[in-house]
Every structure is written in structure tokens, then in C-alpha cells.
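Notes for the one structure printed next.
Start at 1 with the first residue, then count along the sequence. Below, all heavy atoms of this structure are taken into account, side chains as well, without hydrogens, waters or symmetry copies.
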Amino acid sequence: MTDDVILQVKDLKTYFKLDEGLLKAVDGVSFDLRKGETLGIVGESGSGKSVTNLAVMKLIPVPPGRIAGGEVLFRGKDILKMPDEEIRTIRGNKISMIFQDPMTSLNPFLRISTQMIETIVLHQGMSKKDAKDKSIEMLKLAGIPSPEKRIDNYPHQFSGGMRQRVMIAMALSCNPEVLIADEPTTALDVTIQAQILELIKDLTARLGTAVILITHSLGVVAGMCDNINVMYAGRIVERGTAEEIFGDPKHPYTQGLIKSVPRLDKATQQRLFSIKGQPPNVINLPDCCPFYPRCERALDICKIKYPAVTTLAKGRDVACWLYSEGK
């Protein structure tokens, strides 16, 4: 691990034992996160994005889930091997998370002040008075009007966009080194989405926080991320910088995702492109390329064996038989 790598995930596997069989939600995911970097993880619903990051925080419900293998190294120490007491000093403090729906993440029975102050007192050791001052300061940075008054409101007294701003303020209140944003704009309209994304970008740049941004929207990662991992059926099928992924996508799945995005710079009356078929059922998935039934360039070997990861250049990887020398 180099000095600038804060978080390193190695061959992470997370499985769920169901009545129907073994669901391999995450099956051998690896990536690095560096200081000040914004890393995007994109893919369709069910590709394993959220489960990957719940596993990073060791929040997988056991049973039915379990972390079946791999390492999650934070500052060189494996989170997966830490006792619960040590992990609690990291969650919400060194690594924070913004969940998809702020209404279910905030306790509806407690005032915002109670929820924010408790977190800061627990992790920062401040007095309640200092913690409240810090909370008001963070709400102000997050764009909450009259934060000294609104801090004593309940979650239902805020709009969806304002609740998400509260969640961002809470997540950044302890100056974490890593922020995991799990589809933070899913339930918001497009105007508010842009404001929330700009807020995350501005605050994390100001605080020097590294970000993992989970989303199914390529438009979001285009304007936010330095590097992108594309996930499909529990594995990373392509990785590269944002410029490389959008300028020269390699994997047929990535190409399909990008082609499906509406283009405002091209006048066309054609229907929007869509990838045919549906994401695969990852329960008892055979050891072949899971994308081949939907792929227009599938080879015979795609139906038999999963491709090894091919490195095209430094930081530019693709898992596809089209680029493998062993096909």
C-alpha cells in the first residue's frame, strides 16, 4: 500500500445464503482509494455496488449474509478483522456514509440536534455545548437556512433535499477521511440533485475527504469522479479514469451504458439505445461471463468461462474475452 492510499479493498466476497441457493452479491472486488480522490462505482440495480460498501463498513447482516473472503485495509489495518469496539471508533468518525433515503436514515422521533450532537460527542470527545456549535456550523456549510433555529426541528419538518443536506452535514461533522455516498440523490428531483452533488463536491474538497460515490447514473460520475469502477453481477468489469471510461469505453456493458445516456449535443429522432434483456439472477450463477446473453459481441468462450482481468494500461483494466490473449 502506497502512502497516498487510504482504503484498499482486496478480493472482497460477500455471499447471502437463501432458500433458492447461494447469492454471490460481491464476488472478488478489488480497488484502491487515495487521498482527496472521488471514486465512482456505477452499474445497474443489483450489480453489487451498495453491498460492496456495506461490507467495507462491516455492516452486512449475519445471517443471511457473510463476508466470505478478502481484505478491507484502512490505513493498513484490516477492518474485517477488527473487534466491534474498534470498528465503532471508525464508523461515522474516520469513514462516514450517506444512505439513499435520508428519511429512513434519520430517527423520526429525535430532533436533528440530538442526533448530530450525539455523534460528535461520541467520536470527537467534545462537550455538548461545543458539539452543538459544531453542528450549527456544519448545517450552515450544508446550506441549511437559519441553522441555529432549525437544528432543533424533527426530520419530518424538512423537505427531502434539506434532509439530505442534514445527512451530509452529519456525515462530515467529524471530518472523516472517507465519505461513502450511496446514491445520495436517488429520491430527489433533478434540480435538487445538482445542488446536492455540488455541495458534496465543495465540502469534501474543502475538508480533503476522499469519496466513494455509488450511483447508477453515468451523468453523475462524469462531473464528480476522478476514477470509475463499472460493476456487473458482483464484479468490476472495467476501471479507468473518467476521461478514459467516457472517451474510450472497452467493455460492451460500459459501451451500452454510455450509449443509453441521452445526448444534448446531437439532434436525432431515433429511439434511445437500451441494453437488451435484464441483469442476471446471481443466485448459483455459473462460472461464465454473466453479460453474454445481453452482449452483441459475445464469443463462444464467454458462455463457458469467466474472463480474467486484462490490464490495458496503468489503472486501466477490463474483464472481457475481447481483450484477453488467452481466448
Side-chain angles (χ1 to χ4, degrees), residues 9-14 24-33 37-53 183 212-263 272-282 285-327:
V9 176
K10 294 182 177 181
D11 197 28
L12 182 63
K13 297 178 181 179
T14 306
K24 296 183 177 181
V26 178
D27 195 18
V29 165
S30 301
F31 62 84
D32 294 346
L33 181 69
E37 176 187 3
T38 299
L39 173 67
I41 301 180
V42 300
E44 294 169 291
S45 296
S47 60
K49 309 183 300 296
S50 296
V51 176
T52 296
N53 288 282
E183 304 207 31
I212 298 175
L213 180 62
I214 306 167
T215 181
H216 58 263
S217 171
L218 284 168
V220 169
V221 295
M224 287 283 293
C225 298
D226 304 304
N227 296 293
I228 297 172
N229 290 338
V230 180
M231 284 193 72
Y232 190 80
R235 304 192 191 191
I236 293 175
V237 296
E238 184 170 359
R239 80 174 84 242
T241 65
E243 291 80 4
E244 289 168 340
I245 295 294
F246 282 92
D248 186 23
K250 297 297 186 183
H251 198 283
Y253 177 61
T254 311
Q255 294 169 356
L257 289 177
I258 292 174
K259 285 169 66 177
S260 66
V261 176
R263 295 287 298 268
L272 285 174
F273 175 82
S274 63
I275 302 173
K276 66 179 182 180
Q278 297 292 328
N281 183 347
V282 293
L285 195 66
D287 187 27
C288 62
C289 177
F291 187 64
Y292 89 81
R294 310 173 69 187
C295 183
E296 297 176 349
R297 303 169 65 189
L299 307 172
D300 289 340
I301 195 171
C302 301
K303 307 173 185 179
I304 302 170
K305 189 177 179 181
Y306 194 90
V309 175
T310 301
T311 299
L312 305 176
K314 185 178 179 181
R316 188 83 164 101
D317 299 326
V318 60
C320 180
W321 284 114
L322 293 172
Y323 306 94
S324 176
E325 295 180 358
K327 63 184 177 182

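- Formation of a donor-acceptor pair under 3.5 Å by the His251 side chain with backbone atoms of Ala319 is found in this model.
- Residues Asn281 and Leu285 come closest through the heavy atom pair O-CD1, 3.4 Å.
- Using a 4.5 Å heavy-atom threshold, the side chains of Cys302 and Cys295 count as separate.
- Across all their heavy atoms, Gly277 and Arg294 have their closest contact at O-NH2, 3.5 Å.
- Annotation for Phe31 and Val29: closest pair CD2-CG1, 3.8 Å, computed over non-hydrogen atoms.
- Heavy-atom minimum distance, Leu218 versus Phe246: O-CZ, 3.3 Å.
- We find the OG-NZ distance between Ser274 and Lys259 to be 10.0 Å, quoted to the nearest 0.5 Å.
- The two residues Ser30 and Ile236 come nearest to each other via the heavy atoms O-CD1, 3.5 Å.
- The distance from atom OH of Tyr292 to atom SG of Cys320, rounded to the nearest 0.5 Å, is 15.0 Å.
- Looking at every heavy atom in both residues, Gly40 comes nearest to Val221 through CA-CG1, 4.2 Å.
- For the pair Ile245/Thr254, a side-chain contact is recorded, criterion being any heavy-atom separation below 4.5 Å from C-beta on.
- Residues Val318 and Val237 fail the side-chain proximity criterion, which asks for heavy atoms closer than 4.5 Å.
- With a 4.5 Å cut-off on side-chain heavy atoms, Tyr253 and Glu238 do not count as touching.
- Considering only residues two or more places apart in sequence or on other chains, Lys250 meets the side chain to side chain donor-acceptor pair (under 3.5 Å) condition with Asp248.
- Side-chain N/O atoms of His216 and Glu44 include no donor and acceptor closer than 3.5 Å.
- Residue pairs meeting the side-chain hydrogen bond (donor to acceptor under 3.5 Å, both in side chains) criterion with at least one partner in residues 299-309, sequence neighbours excluded, are absent.
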Apply side chain to side chain contact (heavy atoms under 4.5 Å, CB included) to residues Ile304 and Cys288 and explain how you reach the verdict.
CA-CA 5 Å; Ile304 302 170; Cys288 62; 5.9 Å; no
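- No donor-acceptor pair closer than 3.5 Å links the side chain of Lys49 to the backbone N or O of Met231.
- With sequence neighbours excluded, no residue forms a side chain to side chain donor-acceptor pair (under 3.5 Å) with Ser47.
- Using a distance-only test at 3.5 Å, with no hydrogens or angles considered, no donor-acceptor pair links the side chain of Thr311 to the main chain of Ala313.
- A heavy-atom distance below 4.5 Å is found between the side chains of Asn53 and Ile41.
- Pro280 has its side chain within reach of Pro290: a pair of non-hydrogen atoms, C-beta onward, lies under 4.5 Å apart.
- In this structure, Glu243 has no salt bridge (Lys or Arg N to Asp or Glu O under 4.0 Å) partners at least two apart in sequence or on a different chain.
- Between Pro252 and Leu322 there is a side-chain heavy-atom pair separated by less than 4.5 Å.
- Looking only at side-chain heavy atoms (C-beta outward), Leu257 and Ile275 come within less than 4.5 Å of each other.
- Taking Asp27 as the reference, Tyr15, Arg235 meet the side chain to side chain donor-acceptor pair (under 3.5 Å) condition, with sequence neighbours excluded.
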Extract all donor-acceptor atom pairs below 3.5 Å that involve side chains of residues 223-230 and protein atoms in other chains or at least two apart in sequence.
{"from": "Asp226", "atom 1": "OD2", "to": "Thr38", "atom 2": "N", "distance (Å)": "2.8"}
{"from": "Asn227", "atom 1": "ND2", "to": "Glu37", "atom 2": "OE2", "distance (Å)": "2.8"}
{"from": "Asn229", "atom 1": "OD1", "to": "Arg239", "atom 2": "NH1", "distance (Å)": "3.3"}

